[in-house]
Number of protein chains: 2
Amino acid sequence: MKRDSRLSGVLHVLLHMAEMEGPVTSEALAGIMQTNPVVIRRTLAGLREQGLVTSVKGHGGGWRLCCDFDTVTLHDIYVALGEPAVFAMGNRTESPGCLVEKAVNAHMNDAFQQAEAVLMARLRDVTLADLSRDFHRGLQRRDHSHCSS
Amino acid sequence: MKRDSRLSGVLHVLLHMAEMEGPVTSEALAGIMQTNPVVIRRTLAGLREQGLVTSVKGHGGGWRLCCDFDTVTLHDIYVALGEPAVFAMGNRTESPGCLVEKAVNAHMNDAFQQAEAVLMARLRDVTLADLSRDFHRGLQRRDHSHCSS
DNA sequence: TCTTCATGCAACAAACAATATTACATGAAA
DNA sequence: TTTCATGTAATATTGTTTGTTGCATGAAGA
């Protein structure tokens, strides 16, 4: 399965934006992320709808953070992305006629739901400020520019 | 993302095998599962290596269970399948040079590892016998043959 | 006003992974 | 020796994520 790396990617983008002055263009962010500007726009569009970032067109335009790093959690970002599928495994059929499959699905769903609950709880525990703090700690240790990619 | 349904599928197969007398051919199982016999063979090959099933070639051959439903757990089956990837989400880069990415990855990995631990614990909690029991309970409630698919 | 720069968005292409299919070899029973 | 069934490799199909192109929209500046 191809893993969805949007959550990881958008967090990367947000932290970089926090380190930059003024609005940043999709082009610049795409450079940092080694991807395409359109991909950046697509991804940030979800965050804009949730009021986490703003975008301005034209000369001097670009993207700007407009959220509180102390209160926004990884879970908020996950939701802003449209709550993408968590698991790479799933049931063969979601609404089976077979009673065997029903029994299997019931137990599988139970296990996966519990795991998902834990994941969401953990995502809610971490704020963007937490990530930023850890990044700056890393910076202190190794005294060089914060990113090459 | 296309979800891996092998675990779900192989559990379905095992429970059906438990309801049948003598060896069952890949062809028959494929019929039940609405898939291809080769897919069945491929999947069961992993279980055979773990000593959970046996296969016999030629006339009167096929697949036979050779494990104790009371002690084999869903986790054992998961392992027999080669421990396929659990999550549909992942880090953009596993070994980043970027310190921002390092900070992001660290928190993400932590959250995912905890969720995975819970999932594995839940899979270890459920035996094949548990599934079989639930299936038979379902059978009692609705008095008809145990499967159409 | 007209050019330039930037996002918004839709349509399309490429890359990749899971599943399905085909073809042929191997081995056992009738 | 024919038939049946698994073993396995190679290939095709399908679906999803990511990347790309093209054009419209809107804002700043000359």
Side-chain angles (χ1 to χ4, degrees), chain A residues 1-10 12-13 17 20 22-49 53-66 81-94 149, chain B residues 1-10 12-13 17 20 22-49 53-66 81-93:
Chain A
M1 173 236 3
K2 198 169 194 177
R3 284 169 122 178
D4 179 344
S5 62
R6 280 179 299 159
L7 180 55
S8 166
V10 78
H12 195 168
V13 165
M17 287 172 73
M20 300 167 91
V24 195
T25 66
S26 308
E27 185 102 21
L29 292 172
I32 293 171
M33 302 290 289
Q34 299 180 138
T35 181
N36 193 291
V38 178
V39 174
I40 299 288
R41 287 185 204 123
R42 259 204 300 247
T43 310
L44 290 185
L47 302 216
R48 184 182 49 217
E49 281 167 27
V53 298
T54 55
S55 62
V56 172
K57 285 182 175 178
H59 252 296
W63 298 87
R64 209 184 276 270
L65 292 169
C66 63
L81 289 178
E83 310 192 27
V86 169
F87 295 107
M89 293 188 282
N91 292 323
R92 233 170 47 93
T93 309
E94 282 312 328
S149 70
Chain B
M1 171 238 1
K2 199 168 194 176
R3 288 166 118 178
D4 179 343
S5 62
R6 279 179 300 159
L7 180 55
S8 165
V10 78
H12 194 167
V13 166
M17 287 172 71
M20 300 166 91
V24 195
T25 65
S26 309
E27 185 102 21
L29 293 171
I32 293 171
M33 303 290 288
Q34 298 180 138
T35 183
N36 195 291
V38 176
V39 174
I40 299 287
R41 286 184 205 127
R42 259 203 302 249
T43 311
L44 290 185
L47 302 216
R48 183 184 48 216
E49 280 167 27
V53 299
T54 55
S55 62
V56 173
K57 285 182 178 178
H59 252 295
W63 299 86
R64 210 184 275 269
L65 290 170
C66 64
L81 289 178
E83 309 192 27
V86 169
F87 296 107
M89 293 189 282
N91 292 324
R92 233 170 47 92
T93 309

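Every chain is numbered from 1 and lettered A, B, ... according to where its sequence line falls, protein lines coming before strand lines.
Spacing between atom CE of B:M33 and atom P of C:dT19 amounts to 11 Å, rounded to whole angstrom units. Here the P atom of nucleotide C:dG8 and the CG atom of A:N36 are 15 Å apart, to the nearest Å. Look at CZ on B:R3: it is 11 Å from P on D:dT17, rounded to the nearest Å. In this structure, B:I40 atom CD1 and C:dT19 atom P are separated by 12 Å, rounded to whole Å. If you take CG of A:L29 and C1' of C:dA6, they are 13 Å apart, rounded to a whole angstrom. The nearest whole Å value for the distance from the CE atom in A:M89 to the P atom in C:dT19 is 11 Å.
Partners of B:P37 by side chain to side chain contact (heavy atoms under 4.5 Å, CB included), not counting sequence neighbours, listed by chain and number: B:S26, B:E27, B:A30, B:R41. A search for side chain to side chain contact (heavy atoms under 4.5 Å, CB included) contacts involving B:V56 returns nothing, not counting sequence neighbours. For B:R48, the side chain to side chain contact (heavy atoms under 4.5 Å, CB included) partners are B:A45, B:V53, B:S55, B:W63, not counting sequence neighbours. Every residue meeting the salt bridge (charged side-chain N to carboxylate O under 4.0 Å, His left out) condition with A:R6, not counting sequence neighbours, appears here in chain and number order: A:D4. Residues passing the side chain to side chain contact (heavy atoms under 4.5 Å, CB included) test with A:T43, sequence neighbours excluded: A:V10, A:V39, A:L81.
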Heavy-atom contacts, protein to nucleotides 4-9 of chain D, under 4.0 Å, summarised as B (base), S (sugar-phosphate only) or - (none) per nt, yield BBBBBB
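Residues B:L29 and B:L44 have side chains in contact (heavy-atom distance under 4.5 Å, counting atoms from C-beta outward).
Taking 4.0 angstrom as the limit, B:S5 places none of its side-chain polar atoms (N or O) nearer than this to OP1 or OP2 of C:dA18.
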